[in-house]
Asker: 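Structure incoming, see below.
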Amino acid sequence: MSAIIDAKQQQVDIIAEQLKNSVSTVIVDYRGLSVAEVTELRSQLREAGVEYKVYKNTMVRRAAEQAGIDGLNEFLVGPTAIATSTEDVVAPAKVIAGFAKEHKALEVKTGVMEGNVISAEQVNTVGTLPSHDGLVSMLLSVLQAPVRNFAYAVKAIGEEKEGKEESAE
């Protein structure tokens, strides 16, 4: 009996560590998805660098308590799968929100971002945000716009002066 309890405690420790190290976690109800659909979801999540696991709710409750995350217990009912990312805050929400649009059976229960519990609506909102690379490219575009406009103005002035010099000859 003690070996079983030790094994369960080790599993809880693993889940707690995963929750602590995660910058973004999304908790979903996968009930109603076929095996092929779950396999497709796992593949998309893996490509995005997101870990996806199915755990027993009691173990997740204990792990969340151990990790210092309050407010998850009400969402830990029924089939529960957890998608976590240690690097990209947007990745789990983006993949799951996109997948849920095509597969209505996938239900987002809640999420945890940087230690704070967020609603399913907030998870879906985060899922619509551009990726980190997309945000960086938008920022660079905004920063380059004044320089580009200045270059166009200088070029236009140069062409105008060139046109006046040619007409004067």
Asker: Does some side-chain heavy atom of L72 sit less than 4.5 Å from a side-chain heavy atom of V117?
Answerer: yes
Asker: For A83 versus P92, what's the shortest heavy-atom pair and its separation?
Answerer: O-CB, 4.2 Å
Asker: Please tell me if the side chains of F99 and V28 come closer than 4.5 Å, counting only heavy atoms from C-beta onward.
Answerer: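 F99 does not reach V28 side chain to side chain.
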Asker: Would you call Y55 and R61 a side-chain contact if the rule is heavy atoms closer than 4.5 Å?
Answerer: no
Asker: If we ignore hydrogens and angles and just use 3.5 Å, is the side chain of T25 paired with the main-chain N or O of G111 as donor and acceptor?
Answerer: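 No.
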Asker: Can you tell me how far CD1 of I27 sits from CD of E107, rounded to the nearest 0.5 angstrom?
Answerer: 12.0 Å
Asker: Group every Ile, Leu, Val, Met, Phe, Trp and Tyr by side-chain heavy-atom contacts under 4.5 Å, then state whether V23 and V112 land in the same group.
Answerer: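 No, separate clusters.
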Asker: If you round to the nearest 0.5 Å, how far is CD of E37 from CG of L106?
Answerer: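 Rounded to the nearest 0.5 Å, the CG-CD separation comes out at 9.5 Å.
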Asker: Could you tell me if the side chain of E40 sits less than 4.5 Å from the side chain of S43, heavy atoms only?
Answerer: no
Asker: Report yes if the side chains of M113 and V89 come closer than 4.5 Å at any heavy-atom pair, otherwise no.
Answerer: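 Yes, close enough: below the 4.5 Å cut-off.
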Asker: Work out which heavy atom in A48 is nearest to a heavy atom in A91; give both atom names and the distance.
Answerer: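 Closest heavy-atom pair between A48 and A91: O-CB, 4.0 Å.
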Asker: Taking T125 for the side chain and E121 for the main chain, is one N or O donor matched with an acceptor at less than 3.5 Å?
Answerer: yes
Asker: Hey, are the side chains of R62 and Q11 touching, using non-hydrogen atoms and a 4.5 Å cut-off?
Answerer: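 A side-chain contact is absent here, since even the closest heavy-atom pair is not under 4.5 Å.
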Asker: How long is the span from the CG atom in N21 to the CG atom in L19, to the nearest 0.5 Å?
Answerer: 9.5 Å
Asker: Within the 4.5 Å heavy-atom criterion, are P146 and N149 side-chain neighbours or not?
Answerer: no
Asker: Distance check, rounded to the nearest 0.5 Å: N124 atom CG versus K101 atom NZ?
Answerer: 8.5 Å
Asker: Is the CD atom of E65 crowded by more than 12 outside heavy atoms at less than 6.0 Å?
Answerer: no
Asker: Test side chain to side chain contact (heavy atoms under 4.5 Å, CB included) on V50 and R46; report intermediate values, then the result.
Answerer: CA-CA 5 Å; V50 177; R46 196 175 313 111; over 6 Å; no
Asker: So, applying side-chain hydrogen bond (donor to acceptor under 3.5 Å, both in side chains) with T80, which one of K109, R31, K56, K53 is it?
Answerer: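 Only one of K109, R31, K56, K53 forms a side-chain hydrogen bond (donor to acceptor under 3.5 Å, both in side chains) with T80, namely K109.
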Asker: Taking all heavy atoms of A97 and all of G127, pick out the closest pair and write down the distance.
Answerer: CB-CA, 4.2 Å
Asker: What I'd like to find out is whether the side chain of K8 reaches to under 4.5 Å of the side chain of V12, using heavy atoms alone.
Answerer: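 No; the side chains remain at least 4.5 Å from each other.
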Asker: If you count heavy atoms of other groups shown closer than 6.0 angstrom to NZ of K20, is the number above 12?
Answerer: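 Enclosed.
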Asker: Short question: side chain of T110, backbone of I118 - any donor-acceptor pair under 3.5 Å?
Answerer: yes
Asker: State the NZ-CG distance between K104 and L33, to the nearest 0.5 angstrom.
Answerer: 12.5 Å
Asker: Minimum heavy-atom separation for V26 and V108, please, with both atom names.
Answerer: CG1-CG1, 4.1 Å
Asker: Just checking, is any N or O donor in the side chain of T84 or E51 under 3.5 Å from an acceptor N or O on the other one?
Answerer: no
Asker: Provide the closest heavy-atom pair for Y52 versus R42 in the form atom of the first, atom of the second, distance.
Answerer: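 Smallest interatomic distance, heavy atoms only, reads O-NH1, 3.3 Å.
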Asker: Drop me the distance from S2's OG to Q9's CD, to the nearest 0.5 angstrom.
Answerer: 11.5 Å
Asker: When clusters are formed by joining ILVMFWY residues with side-chain heavy atoms under 4.5 Å apart, either directly or through shared neighbours, do L76 and I96 land in the same one?
Answerer: no
Asker: Please determine whether residues V60 and I14 belong to a single hydrophobic cluster, defined as Ile, Leu, Val, Met, Phe, Trp and Tyr linked transitively by side-chain heavy-atom distances below 4.5 Å.
Answerer: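 Hydrophobic grouping puts V60 apart from I14.
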